[in-house]
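All remarks here apply to the structure that follows.
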Amino acid sequence: MKPARTRVAPSPTGHMHLATARVALYDYLLAKKTGGQFILRIEDTDTQRTVPGAEQELMDGLRWLGLEYDEGPDIGGPRGPYRQTERRDIYHAHAKILVDKGHAYPCFCTPERLEKVRQEQMKRKENPHYDGMCRILDPDDAARRVAGGEKNIIRFKMPKDGQTVAHDHLRGEIITQNEQLNDYVLMKSDGLPTYHLAAMVDDHDMGITHVLRGAEWLSTFPLHVNIVRAFGWEEPAWVHLSLFLKPSGKGKLSKRDGAIAMKDGYSVFIKDFGQLGFTPEGVNNWIALMGWGVAEDDVLTLDQMIERFNVDSLTASPSAINFQKLDHFNGTHIRLLTNEDLSARIKPYFSEAGLHVDDETLYKVTPLIRERLVTLDDCLSFASFFFKENVEIDPAELIVKGLDAKQSAEILRKSYEILSGLDELTHATGEPPMRVYVEESGFTAGQVFGLMRTAITGQKVSPPLFESMEVIGRKTVLERLKNAVEILGKF
RNA sequence: GCCCCCAUCGUCUAGUGGACUAGGACGCAGCCCUUUCAAGGCUACGACCGGGGUUCGAAUCCCCGUGGGGGCACCA
């Protein structure tokens, strides 16, 4: 396959969300697979909706995911600029070409008139559309009015008869009766182009070979094809990706769903995932498989995805997002990390919680919790006690089911005695004598070890007990046992 | 309302006319392992939207329904 040039072209109007990330992922995979380039282009022609910081968030998001682009607004490239507001002249020149060729025309209608026309059409139960008032103007007259400074916009002159046959890579031919199509606006009164013109011009100008975009563009697809053909350009391969649906499957996933997801510790915004303890690997794997059919072995790293990727195996039907699957992929990829890597990744969560973490201890703790982590921040609930001076114990937790305070105290006293008799406390030295004690005492392993766990870790759930004690160290373990006995003594 | 797209387990999907008793993954249930929680292993449950064609043969091709989704801006 020839090297593909792909692009992700988001508009900086809000937080970067899942759908943008997936388009970018597939763009990236296709480009890397074929030895081509992946480009970031900012579509900021709606100056009203542009929000400060959104562009930076997009760039940060792509980098966090590991989707390094080869060309973009901040790094430049041979086909720049990569911000549409910096390409005004290009669009004006191209709009003029279409007008000169008779494929577009100036329109002098006011927004007020347009609104009135729309109202009347709706009253008559017609489809709202431009009524073509300026389409039939004499081109020379129109040109004179424009030259005279009269306010105007440029509309595309859509063919009135026949049909448009457009080819979507995943769906085949999409045939539209031209009478269904509208004379869409190409150039707005603010002097900036609409998406329809800007994207077509840029994709051509930047040598894009494959246009991957959301299926919400399918309805204006025939328009776009007509624009490209009016210029006489070769078309890219059009790939309309299936939409992401809300977890319920009811309706397209929207930015508003972010707030809902956040309550459960999830998000639809890329910026949040790191904070929530998700890894780029997990997120990539998750979104990759919504819309891309992999028969088996679906745990994939970016490199493995590149190897396996194939545009033909993308799916056309919409997919409901499923956060449980994100958890699964996240946990799986965490377990795939090396000890050093995982340690480095969980360290910030401890720091943010105000805990001082020394690397030596951390390297010993990480193997103990790695297979228990679903998200990186789970490290806090499992391992905070390793980095605290004292643990807080709920006295009620020290009374194990089936035992009274006296018996519990006895177990802990005996444990203290056994462990304090050891020169060294490790997993290997600590467990055998305790096993013997369990055997001889008649208490169950669950009772004895459960009590010790509470006393030493302050938690009912923790990493394996003896491994944990080894990390904590003999001195601290004994202190905590003693402390627990004292607490029990107050009963 | 009009136009367009889609349709396999609850969810993501494999399947491109015979190898389908329809495969995998998540979730769910059970069992094993086990000092807790996990991880891991095993097992179970679970789907071709309906109706017509085409064909010796259809999950797979065609048509019609139905359902779901998207779009109908001087937004992208």
Side-chain angles (χ1 to χ4, degrees), chain A residues 9-13 43-46 48-49 107 109-111 114-115 118 122 125-130 152-155 168 170-171 174-177 179-182 184-196 198-199 213-222 240 242-243 245 247-252 286 289-299 312-313 315-329 331-332 335 369-374 378 381-382 431 434-435 438 444-454 457 459-466:
Chain A
S11 52
T13 52
E43 309 226 327
D44 53 355
T45 55
D46 186 345
Q48 292 291 310
R49 291 203 308 151
C107 172
C109 296
T110 62
L114 261 21
E115 185 51 36
R118 208 183 343 260
M122 281 178 9
K125 301 207 166 172
E126 284 175 28
N127 274 336
H129 63 281
Y130 180 59
N152 71 94
I153 57 171
I154 306 291
R155 284 182 186 275
D168 174 73
L170 304 178
R171 289 159 249 261
I174 290 171
I175 300 167
T176 312
Q177 300 307 316
E179 61 189 11
Q180 299 292 339
L181 271 12
N182 206 343
Y184 287 89
V185 174
L186 260 25
M187 290 295 284
K188 301 180 284 179
S189 55
D190 63 1
L192 284 164
T194 58
Y195 172 90
H196 311 304
R213 41 150 44 167
E216 67 267 26
W217 291 110
L218 234 25
S219 55
T220 42
F221 182 27
H240 291 91
S242 63
L243 258 20
L245 268 26
S248 62
K250 299 246 175 275
K252 179 174 141 181
W286 179 49
L289 262 32
M290 286 188 283
W292 177 26
V294 173
E296 263 155 70
D297 302 324
D298 59 1
V299 174
D312 301 330
S313 56
T315 57
S317 47
S319 15
I321 65 164
N322 181 338
F323 289 114
Q324 287 177 316
K325 205 139 187 172
L326 203 215
D327 281 341
H328 167 254
F329 281 123
T332 305
R335 275 170 255 131
I369 61 172
R370 66 179 311 132
E371 63 214 26
R372 279 158 249 269
L373 302 179
V374 171
D378 284 344
S381 61
F382 281 113
E431 186 163 0
M434 286 308 299
R435 289 275 175 201
V438 167
T444 67
Q447 288 171 325
V448 174
F449 297 142
L451 249 180
M452 290 173 72
R453 181 188 316 284
T454 304
T457 70
Q459 304 177 178
K460 282 176 88 169
V461 172
S462 84
L465 184 60
F466 289 98

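The chains referred to below are lettered A, B, ... by the order of the sequence lines, with proteins before strands, and numbering in each begins at 1.
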>> Can you say whether a donor on the side chain of A/S317 sits under 3.5 Å from an acceptor on the base of B/C6, or the other way round?
In response: no
> What distance, rounded to whole Å, do you find between the two C1' atoms, one in B/C28 and one in B/G68?
Replying inline: 25 Å
> Side chain of A/R335: nearest nucleotide among B/U35, B/G40, B/U13?
Replying inline: B/G40
>> Work out how far the C1' atom of B/A7 is from that of B/G50, and round it to whole angstrom.
In response: 12 Å
>> From the set B/C74, B/C5, B/A76, return the single nucleotide nearest to any side-chain atom of A/R155.
In response: B/C74
> P atom, B/C32 versus B/A19: distance in rounded Å?
Replying inline: 39 Å
> Choosing from B/A25, B/A39, B/U35, which nucleotide comes nearest the side chain of A/E371?
Replying inline: B/A39
>> Does either side chain, that of A/T315 or that of A/W292, offer a donor lying less than 3.5 Å from an acceptor on the other one?
In response: no
>> Taking any heavy-atom pair under 4.0 Å as a contact, classify A/R213: base, sugar-phosphate, or nothing.
In response: nothing
>> What's A/G331 touching, base or sugar-phosphate or nothing? Going by heavy atoms closer than 4.0 Å.
In response: nothing
>> So A/W217, base contact, sugar-phosphate only, or nothing? Heavy-atom distance under 4.0 Å.
In response: base
> Among B/U35, B/A73, B/A76, which nucleotide sits nearest the side chain of A/P128?
Replying inline: B/A73
>> In whole Å, measure the gap between the P atoms of B/A59 and B/C48 for me.
In response: 11 Å
> Under 4.0 angstrom, heavy atoms only, what part of the nucleic acid is A/P463 near: base, sugar-phosphate, or nothing?
Replying inline: base
>> Taking the P atom in each of B/G41 and B/G24, what is the distance between them to the nearest angstrom?
In response: 14 Å
>> Categorize A/P464 for me: base, sugar-phosphate, or nothing, with a 4.0 angstrom heavy-atom threshold over every strand shown.
In response: base
> When you look at CD of A/E115, are more than 12 heavy atoms from neighbouring residues, nucleotides or ligands closer to it than 6.0 Å?
Replying inline: yes
> Heavy atoms under 4.0 Å, any strand shown: does A/G214 hit a base, just sugar-phosphate, or nothing?
Replying inline: nothing
>> I want to check one thing: is the phosphate of B/U13, taken as OP1 and OP2, less than 4.0 Å away from some side-chain N or O of A/S319?
In response: yes
> Quick one: which of B/A25, B/C75, B/G69 gets closest to the side chain of A/T194?
Replying inline: B/C75
> Can you tell if the side chain of A/L289 reaches within under 4.5 Å of the side chain of A/F329, non-hydrogen atoms only?
Replying inline: yes
> With no angle test and no hydrogens, is the base of B/G27 tied to the side chain of A/N322 by a donor-acceptor pair under 3.5 Å?
Replying inline: no
>> Centre-to-centre under 6.0 Å for A/F466 and A/F449, is that the case here?
In response: yes
>> Students often get this wrong, so: under 4.0 angstrom with heavy atoms, is A/V299 touching a base, only sugar-phosphate, or nothing?
In response: nothing
>> I want to confirm an ordering. Mapping A/I174 and A/S189 to their closest nucleotides on RNA chain B, which one lands closer to the 5' end?
In response: A/I174
> For B/C2, which nucleotide is its Watson-Crick or G-U wobble mate, given both distances must be under 3.5 Å?
Replying inline: B/G71
> Nearest of B/U11, B/U35, B/C74 to any side-chain atom of A/P111?
Replying inline: B/C74
> Is A/T315 near enough to B/U13 that one of its side-chain N or O atoms lies under 4.0 angstrom from OP1 or OP2?
Replying inline: yes
>> Please pick, from B/A76, B/U36, B/C74, the nucleotide with the shortest atom-to-atom distance to any side-chain atom of A/L114.
In response: B/C74
> Mind checking whether A/F323 and A/W286 have parallel, tilted or perpendicular rings, split at 30° and 60°?
Replying inline: tilted
> For atom P, what is the distance between B/A39 and B/C4, given to the nearest Å?
Replying inline: 48 Å
> Counting only Watson-Crick or G-U wobble pairs whose two distances fall under 3.5 Å, which nucleotide matches B/G10?
Replying inline: B/C26
> Counting any heavy atom closer than 4.0 Å, what does A/L289 reach on the DNA or RNA strands: base, sugar-phosphate only, or nothing?
Replying inline: sugar-phosphate
>> For a 4.5 angstrom cut-off between non-hydrogen side-chain atoms, does A/S319 reach A/S242?
In response: yes
>> Any non-hydrogen side-chain atom of A/S11 less than 4.5 Å from a side-chain atom of A/D44?
In response: no
> Considering every strand shown, what is the Watson-Crick or G-U wobble mate of B/C49 when both distances are under 3.5 Å?
Replying inline: B/G65
>> A side-chain contact here means heavy atoms from C-beta on lying under 4.5 Å apart; do A/T194 and A/M187 qualify?
In response: no
>> On the nucleotide B/A38, are OP1 or OP2 found under 4.0 Å from the side-chain N or O atoms that A/R370 carries?
In response: no
> Looking at the side chain of A/N127, which of B/C12, B/G1, B/C3 is the nearest nucleotide?
Replying inline: B/G1
> Which sits closer to the 5' end of RNA chain B, A/G293 or A/T332, going by the nucleotide each is nearest to?
Replying inline: A/G293
> CE of A/M187 versus C1' of B/C75: gap in Å, rounded?
Replying inline: 16 Å
> A/L245 side chain: which of B/U36, B/G70, B/G69 is closest?
Replying inline: B/G69
> CG of A/D190 versus P of B/C75: gap in Å, rounded?
Replying inline: 7 Å
> Counting just side-chain N and O atoms, does A/K188 come under 4.0 Å of either OP1 or OP2 of B/A76?
Replying inline: yes
> Does NZ or CZ of A/R155 come closer than 6.0 Å to the centre of the six-membered ring of A/Y184, within 45° of the ring's axis?
Replying inline: no
>> What's the gap between B/A44 and B/C31 when it is taken at their P atoms, as a whole Å value?
In response: 15 Å
>> At 4.0 Å (heavy atoms only), tell me whether A/I153 reaches a base, stays on the sugar-phosphate, or touches nothing.
In response: base
> If you measure only the distance, is there a donor-acceptor pair under 3.5 Å linking the side chains of A/H240 and A/R171?
Replying inline: no
> When the C1' atoms of B/U16 and B/U11 are considered, how many whole Å apart are they?
Replying inline: 24 Å
> Who does B/U34 pair with, Watson-Crick or G-U, both distances under 3.5 Å?
Replying inline: none
>> How many whole angstroms separate atom NE2 of A/H240 from atom P of B/C4?
In response: 15 Å
>> Nearest whole Å is fine: how far is B/C72 C1' from A/K125 NZ?
In response: 17 Å
> Ignoring hydrogens and angles, are the base of B/C5 and the side chain of A/R171 linked by a donor-acceptor pair under 3.5 Å?
Replying inline: no
>> Classify A/T176 by what it touches in the nucleic acid, base, sugar-phosphate, or nothing, heavy-atom distance under 4.0 Å.
In response: nothing
> Out of B/G71, B/C74, B/C2, which nucleotide sits closest to the side chain of A/K252?
Replying inline: B/G71
> Atom CD1 of A/I369 and atom C1' of B/U36: how far apart are they, to the nearest Å?
Replying inline: 16 Å
>> With a 4.0 Å cutoff (strictly under), does any side-chain N or O of A/R453 reach OP1 or OP2 of B/C37?
In response: no
